[in-house]
**Q** 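Structure provided below as structure tokens; questions to follow.
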Amino acid sequence: PPAVHERTMLHLALSSVEKRLELEPGSTELLFQQAALTENTGRISEGRDLYLSLLDRDPFHAGALNNLGNLLMTVKEMPRARGFLELAVERHPLHLPSRANLGNLLIKSGELAAACEQFEAALRIDPNYRPGHAGLSFALGDLVGAESAAWHRRRAFAGRAFVITPYRG
């Protein structure tokens with residue numbers, strides 16, 4: 001099954017990164033890859049600890065700030081998540097995933113206007129950034145109405161299925 005194959009590939013990639021880390025123990029890029037792969041293998045608390053360890057070495061690592069903020073958001077630690085995502089956006093204003101994740105957190109917090117600001121800023125950087133359009137489609141639907149939201153929804157999901165269900169003909 002695809003899920004088993006994906007897990008196997010993640011574990012192989014993690015093993016490879018850990019071997020490379022033995023040769024380059026100070027490499028922030030390898031430490032970042034290790035944290036991300038550890039998180040993606042389902043070891044959430046270990047991934048969190050690895051991101052924090054990386055941020056001890058490089059306090060403004062864009063990927064680590066973003067991924068740790070996103071990880072904390074998934075485990076419902078919203079204030080901490082917000083702090084890391086806000087720092088990521090402050091230090092790396094062109095980092096689109098940080099803006100999108102902060103926007104998503106703001107939506108979950110009910111701060112729709114602030115969320116729109118993040119998505120709009122992302123779209124000023126890259127007008128075709130799908131997560132920016134997706135976030136705006138959601139937030140604008142509640143703020144200003146369906147028409148503006150529908151335009152962003154079409155941009156975000158063009159050519160993509162919303163729900164995939166097997167044919168049972």
Side-chain angles (χ1 to χ4, degrees), residues 6-7 10 13-14 17 28-144 148-164:
E6 184 178 334
R7 272 195 313 273
L10 285 171
L14 180 57
V17 166
T28 55
E29 189 51 40
L30 289 175
L31 291 168
F32 174 69
Q33 290 176 24
Q34 179 189 33
L37 288 166
T38 299
E39 174 192 357
N40 289 332
T41 59
R43 296 171 11 221
I44 302 299
S45 61
E46 272 183 74
R48 180 188 60 228
D49 293 345
L50 289 168
Y51 286 127
L52 289 169
S53 176
L54 171 55
L55 289 169
D56 283 342
R57 291 174 184 245
D58 183 356
F60 305 115
H61 189 281
L65 289 168
N66 175 65
N67 286 13
L68 181 57
N70 203 38
L71 180 153
L72 292 169
M73 188 171 26
T74 62
V75 297
K76 311 287 189 246
E77 291 185 37
M78 297 307 205
R80 288 186 69 206
R82 185 175 185 152
F84 284 107
L85 291 171
E86 286 177 340
L87 183 58
V89 167
E90 176 186 314
R91 290 304 210 151
H92 307 280
L94 301 178
H95 192 249
L96 297 176
S98 296
R99 288 199 175 275
N101 286 327
L102 179 56
N104 290 333
L105 182 142
L106 292 167
I107 286 173
K108 290 179 181 186
S109 300
E111 299 175 55
L112 299 179
C116 285
E117 290 175 15
Q118 292 303 319
F119 296 124
E120 288 167 347
L123 291 172
R124 282 192 297 275
I125 297 163
D126 179 357
N128 298 313
Y129 187 57
R130 286 180 184 253
H133 287 291
L136 271 177
S137 76
F138 184 83
L140 286 175
D142 286 346
L143 277 179
V144 297
S148 182
W151 185 85
H152 285 287
R153 192 172 301 107
R154 284 191 300 275
R155 295 288 305 266
F157 300 108
R160 297 182 181 204
F162 278 62
V163 178
I164 300 172

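All residue numbers refer to positions in the sequence shown, counting from 1. This one's a predicted model, so the numbers in the text were calculated from it and none came from an experiment.
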**Q** Using side-chain contact (heavy atoms from CB on, under 4.5 Å), reason through Ile107 and Phe119 one step at a time and then give a plain yes or no.
**A** CA-CA 11 Å; Ile107 286 173; Phe119 296 124; 3.7 Å; yes
**Q** Any side-chain heavy atom of Phe84 within less than 4.5 Å of one from Ser98?
**A**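 SC-SC contact between Phe84 and Ser98 ruled out.
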**Q** Output the distance between atom CG (Leu72) and atom OG1 (Thr74), rounded to the nearest 0.5 Å.
**A**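 So the gap between those two atoms works out to 7.5 Å.
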**Q** Do Leu31 and Gln34 touch side chain to side chain, with heavy atoms closer than 4.5 Å?
**A**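 The answer is yes, as the side chains (C-beta and beyond) meet within the 4.5 Å cut-off.
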**Q** Kindly give the heavy-atom pair with the smallest separation between Leu85 and Gly69, and that separation in Å.
**A**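 Minimum heavy-atom contact is CG-CA, 3.9 Å.
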**Q** Give me the atom names and distance for the closest heavy-atom approach of Thr38 to Gly47.
**A**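 So the minimum-distance heavy-atom pair works out to CG2-N, 3.7 Å.
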**Q** Distance from Arg48 atom CZ to Glu46 atom CD, nearest 0.5 Å?
**A**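 Answer rounded to 0.5 Å: 10.5 Å.
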**Q** Within the side chain of Ser137, is there an N or O that forms a donor-acceptor pair under 3.5 Å with the backbone of Ala134?
**A**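 Yes; judged by distance alone, with no hydrogens or angles, the pair exists.
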**Q** Looking at side-chain heavy atoms only, is the closest gap between Leu105 and Lys108 below 4.5 Å?
**A**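 When only atoms from C-beta onward are counted, Lys108 and Leu105 do not touch, as no gap falls below 4.5 Å.
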**Q** Just so I know, are the side chains of Arg82 and Leu106 near enough to count as touching, which here means a heavy-atom distance under 4.5 Å?
**A**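 SC-SC contact between Arg82 and Leu106 confirmed.
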**Q** Is Asn67 close to Phe32 at the side-chain level, that is, under 4.5 Å between some pair of heavy atoms?
**A**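 A side-chain contact exists here, since the closest heavy-atom pair is under 4.5 Å.
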**Q** State the CZ-CD distance between Phe60 and Glu90, to the nearest 0.5 angstrom.
**A**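 Rounded to the nearest 0.5 Å, the CZ-CD separation comes to 8.0 Å.
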**Q** For side-chain contact (heavy atoms from CB on, under 4.5 Å), just list the numbers for Glu39 and Asn70, CA-CA rounded to whole Å, side-chain angles, deciding distance to a tenth of an Å, and then say yes or no.
**A** CA-CA 11 Å; Glu39 174 192 357; Asn70 203 38; 5.7 Å; no
**Q** Would a 4.5 Å heavy-atom cut-off, applied to side chains only, mark His61 and Glu29 as touching?
**A**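 Yes, at least one pair of side-chain atoms sits under 4.5 Å.
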**Q** Any heavy-atom pair between the side chains of Ile125 and Arg99 that's under 4.5 Å?
**A**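 They are in side-chain contact.
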**Q** What closest approach, in Å, do Leu140 and Cys116 show between heavy atoms, and which atom pair accounts for it?
**A**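 Closest pair (atom of Leu140, atom of Cys116, distance): CD2-SG, 3.9 Å.
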**Q** Out of curiosity, Leu96 CG to Asn101 CG, how far, rounded to the nearest 0.5 Å?
**A**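 Here the interatomic distance stands at 11.0 Å.
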**Q** So which heavy atom on Ala64 is nearest to which on Leu55, and how close?
**A**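 Nearest pair, atom of Ala64 first, then Leu55: CB-CD2, 3.8 Å.
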**Q** First locate atom NE2 of His95, then atom CG of Leu102, and finally report the distance between them rounded to the nearest 0.5 Å.
**A**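 With rounding to 0.5 Å, NE2 (His95) is 13.0 Å from CG (Leu102).
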**Q** Measure the CZ-CG distance between Arg130 and Leu123 for me, rounded to the nearest 0.5 Å.
**A**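 With rounding to 0.5 Å, CZ (Arg130) is 12.5 Å from CG (Leu123).
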